[in-house]
Amino acid sequence: ISSLPTEKGWIGNSLHKYQGFWQATAHMQGVLACQKHFRALESDIILVTTPKSGTTWLMAILFALVKRAHYLDLRRHPLLTENPHVLVPCLELDVYTDKQVLPDLSSLAPPRLFSTHLPYVSLPDSVKHSGCKVVYLSRDPKDAFVSLWHFVNKLRPVGSGTMSLHEAFDKFCRGVSSFGPFWDHVLGFWNESLKRPESAFFIKFEEMKQEPALQLRRLAEFLGCPFSPEEETHGIVDGILRLCSFDNLSNLVVNKSGKLPAGMENSAFFRKGEVGDSTNYLTTEMVKKLDSITQEKLYGSGLKF
Ligand code: A3P
């Protein structure tokens, strides 16, 4: 690890460039252990995102969707008492934190749900070849950046001050953020979703916000668990969306005051949950710059934000 290129991270930590992407040094052991030891099953569902693209929301949606037969009574649903990050653990940050003690995942009921921020090149081989389903969630880089800047300032150690928007912006534009460059990350999975649409599903935060019911039905089809006419009559789609809505999740006691096992406050994952909030923070020049990087990087791919 020490021979990899390094940069200063956003919270005063260090980042290493590994397989073309920046990884927090503190997470490198988890990344390597996950790559080496994780064996995906055909029935697994892996949610992949860049940080702050709406991971928490999609975790909740996927859990509620694929486990719906077990939790018919939404008043007793696990999402009411557990943070989504506990129900859909992150492979490199939660499951494989320690190279020495490997987790036993064999007793988890199928379909097993995991999340990851790993770029496509760094996914464990079995995720690429087992036939498991990958759901990739992306978000307009301007909103993802502003969300990340807020999040990082909550994580910075007490006494270390806040990171200015300009400093963060400069790093983000240069691709220097955990799991960045943002655009390369998105493109890796966009291309995969075009090549193997039966295995990789690409969706945007903005699409989920605009047409949540339509997108939820598309997800259900992709995952092989479409809503039956009876479920449709009983309003299950709306029930899941309400359960996982920003208003509902962010107001639960567990998400207002709970902490994740790694120590992070659950509330840090809920801020505004809106599209376009970046316009309240970025100058016209910043918007122009980010848009032009996005255009240039995504040129010819067919992907637009
Ligand atoms: P904002 O900071 O723009 O509000 P992640 O889960 O990948 O860390 O992303 C966090 C972002 O998703 C935050 O965006 C957060 O408010 C938003 N978010 C969390 N839960 C949501 C929900 N149920 N619906 C919509 N957005 C949500």
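Whatever order the structure lists ligands and atoms in, that order sets their numbers, starting from 1.
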Write 'none' if nothing qualifies; otherwise put on separate lines each N/O atom of ligand 1 with a protein N/O atom under 3.5 Å away and their distance to 0.1 Å.
residue	atom	partner	partner atom	Å
ligand 1	2 (O)	Ser147	OG	2.6
ligand 1	2 (O)	Arg271	NE	2.7
ligand 1	2 (O)	Arg271	NH2	3.4
ligand 1	3 (O)	Arg139	NH1	3.3
ligand 1	3 (O)	Arg139	NH2	2.9
ligand 1	3 (O)	Arg271	NH2	3.2
ligand 1	4 (O)	Lys272	N	2.6
ligand 1	4 (O)	Gly273	N	2.7
ligand 1	6 (O)	Thr55	N	3.2
ligand 1	6 (O)	Thr56	N	2.8
ligand 1	6 (O)	Thr56	OG1	2.5
ligand 1	7 (O)	Lys52	N	3.1
ligand 1	7 (O)	Ser53	N	3.2
ligand 1	7 (O)	Gly54	N	3.1
ligand 1	7 (O)	Thr55	N	2.8
ligand 1	7 (O)	Thr55	OG1	2.5
ligand 1	8 (O)	Lys52	NZ	2.6
ligand 1	9 (O)	Gly54	N	3.2
ligand 1	14 (O)	Arg139	NH1	3.2
ligand 1	14 (O)	Ser147	OG	3.4
ligand 1	16 (O)	Arg271	N	2.9
ligand 1	16 (O)	Lys272	N	3.4
ligand 1	16 (O)	Gly273	N	3.2
ligand 1	23 (N)	Cys244	O	2.9
ligand 1	23 (N)	Phe246	N	3.3

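- Under the 6.0 Å cut-off for aromatic ring centres, Phe38 and Phe114 qualify, their centroids lying closer than that.
- Among the candidates Leu47, Val48, Thr55, the single residue satisfying the side chain to side chain contact (heavy atoms under 4.5 Å, CB included) test with His117 is Thr55.
- Judged purely by atom type and a 3.5 angstrom limit, Arg139 uses its side chain to pair as donor or acceptor with the backbone of Lys52.
- You'll find the ring centres of Tyr136 and His185 inside the 6.0 Å limit.
- The other members of the hydrophobic cluster of Trp22, by chain and number, are Leu15, Val176 (side-chain heavy atoms under 4.5 Å, ILVMFWY only).
- Under the 6.0 Å cut-off for aromatic ring centres, Phe21 and Phe179 do not qualify, their centroids lying 6.0 Å or more apart.
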